[in-house]
Amino acid sequence: MTAPVRPLSDGWGREIHSLRVSVTDRCNFRCRYCMPAEGLRWLPKPELLTFEELHRLVVVMASIGVGEIRLTGGEPLVRRDIPDLVARLAAVPGVEDLSLTTNGVLLDRLAGPLADAGLRRLNVSLDSLSHTRFAQITRRDALDRVLAGLAAAEREPRLRPIKVNCVAIRGFSEAEVPALAALARERPFVVRFIEFMPLDADERWGADQVLSGAEIRAIVERQWPLEEVPAGPSSTARRFRFADGAGELGFVSPVTEPFCSSCDRIRLTADGRLRTCLFSRVEWDLQAPLRDGASDAELEEVIRRAVAHKELKHRINEPGFVRASRTMSQIGG
Ligand code: SAM
């Protein structure tokens, strides 16, 4: 008989089941709340974990109970042959949930190949349905291509649910809320509003720019009453359905309603550093042991040691808050 797997637990008693895997730090958008107009200094290619290395780490993670894998970046769809990686990870024993977060601009031609490869869930980021305001926030005139990507995903029944994620910024997003909420009513998308976090490369974030989930709910409810529906224990979002049954919205409110106490997530950067919180100041190097011939048991040991040190909570709302050691696109959001 094989011994039961020892759960991957942190020093505060939380079990870790979810891993965000960044496959690249590059992005083809320049969203104002994330990256500067000129981009960032990209990782040199040899620094990126190869598909073989990513597969190996996911095998080790899945063997100790990390069954939920989300691919992200940067923009994951700019990494060449991404469906090949999806196919490899989908076949890993213990991977129960494989999803991907994208800006959607390359999705029209990749939705089918990704679903064929075994992807089952998709998050598409979209902050505005107005061409002008979309271009203003992303610095790219690409709304039509993102909408074509969403339509391609919608035509692919294996990709469900499709979540549309919108970063809410005071002074910008209030006007976008009705059209985005209408999208959730008219199409099979769960539209989720995410509070702006201090992870922008320009370091312009201020607490006064956070448009809270509660404020957005109030805007929606002027038109359409909402009813809360239960969310899973480690869900980052509070879920609401339209009272007339027309669809669902989600509110991810890390600033005004932190959910750190139920956090079951860790993150792997594109260069193979493990981060135990978005706001971590320390990282755990998995690239070096991988390339120095470490055994699976040795890799597991590094992972367990990192997780044992997982931060209790982010401290965005505390005096003296210190920013994370990398920005959102470099970490993998
Ligand atoms: N490129 C992909 C995308 O657009 O979804 C994946 C990476 S992107 C960094 C992941 C998510 O992080 C996006 O939904 C993006 O809007 C969000 N994001 C970026 N910077 C943020 C910030 N400062 N606060 C909150 N969310 C942010």
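Numbers here simply count residues along the sequence, with the first being 1. These numbers come from the heavy atoms of this one structure, side chains and all, not from hydrogens, waters or symmetry mates. Counting convention: from 1, in listed order, for ligands and their atoms alike.
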Specify the protein heavy atom at minimum distance from [atom]: its residue, its atom name, and the distance to 0.1 Å.
{"atom": "atom 24 (N) of ligand 1", "result": "M197 N, 2.9 Å"}
{"atom": "atom 8 (S) of ligand 1", "result": "G73 O, 4.4 Å"}
{"atom": "atom 21 (C) of ligand 1", "result": "Y33 CD1, 3.6 Å"}
{"atom": "atom 12 (O) of ligand 1", "result": "M328 CE, 3.6 Å"}
{"atom": "atom 3 (C) of ligand 1", "result": "S125 OG, 3.3 Å"}

If you count the atoms of ligand 1 from 1 in the order shown, which ones are under 4.0 Å from a heavy atom of [X]?
{"X": "F196", "result": "22 (C), 23 (N), 24 (N)"}
{"X": "E195", "result": "25 (C)"}
{"X": "T72", "result": "6 (C), 7 (C)"}
{"X": "T101", "result": "2 (C), 5 (O), 6 (C)"}

**Report entry** V190 reachable from V177 in the ILVMFWY side-chain graph, under 4.5 Å edges
**Finding:**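 Different clusters.
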Query raised in the report: Taking a hydrophobic cluster as the set of Ile, Leu, Val, Met, Phe, Trp and Tyr residues connected by side-chain heavy atoms closer than 4.5 Å, whether directly or through intermediates, do M328 and V124 fall within one such cluster?
Result: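 No; tracing contacts between hydrophobic side chains, which count when under 4.5 Å, never links both residues.
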Report task. Check the side chains of R70 and T101 for a donor-acceptor pair under 3.5 angstrom, ignoring hydrogens and angles. Result ->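 Present: a donor and an acceptor within the cut-off.
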Query raised in the report: Under 3.5 Å, N or O to N or O, is E75 touching ligand 1 that way?
Result: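 The answer is yes, given that E75 and ligand 1 share an N or O pair closer than 3.5 Å.
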Report task. May I ask you to check if R133 and F172 form a cation-pi contact, with NZ or CZ under 6.0 angstrom from the six-membered ring centre and within 45° of the axis? Result ->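 Yes - R133 lies over the ring of F172, closer than 6.0 Å to its centre and within 45° of its axis.
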Requested in this report: Decide whether a cation-pi geometry holds between R88 and F51; the criteria are a distance under 6.0 Å from NZ or CZ to the six-membered ring centre and an angle within 45° of the ring axis.
Outcome: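 R88 over F51 ring: no.
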Query raised in the report: Hey, are R326 and D25 close enough for a salt bridge, meaning a charged N less than 4.0 Å from a carboxylate O?
Result: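 Result for this pair is no, no salt bridge flagged.
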**Report entry** Minimum non-hydrogen distance to atom 7 (C) of ligand 1, winning option of G74, S329, C27
**Finding:**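 Nearest option to atom 7 (C) of ligand 1, by heavy atoms: G74.
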Query raised in the report: Taking all non-hydrogen atoms of both residues, which atom of A62 and which atom of V92 are closest, and how far apart?
Result: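 Between these two residues, the closest heavy atoms are CB-CG1, 4.0 Å.
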Requested in this report: Please report the shortest heavy-atom distance between F196 and V210, naming the atom on each side.
Outcome: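 Smallest interatomic distance, heavy atoms only, reads O-CG2, 3.6 Å.
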Query raised in the report: Any donor-acceptor pair under 3.5 Å linking the side chain of H314 with the backbone of P254?
Result: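 Yes; at least one donor-acceptor contact below 3.5 Å.
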**Report entry** Contact with ligand 1 for C31, non-hydrogen, under 4.0 angstrom
**Finding:**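 Under 4.0 Å: no for C31.
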**Report entry** Side chain, backbone, both or neither: T102 near ligand 1, heavy atoms under 4.0 Å
**Finding:**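 Within the 4.0 Å criterion, T102 contacts ligand 1 through backbone atoms alone.
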Query raised in the report: With backbone taken as N, CA, C and O and side chain as the heavy atoms from C-beta onward, which portion of V167 lies under 4.0 Å from ligand 1: side chain, backbone, both, or neither?
Result: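 Under 4.0 Å from ligand 1, V167 contributes side-chain atoms alone.
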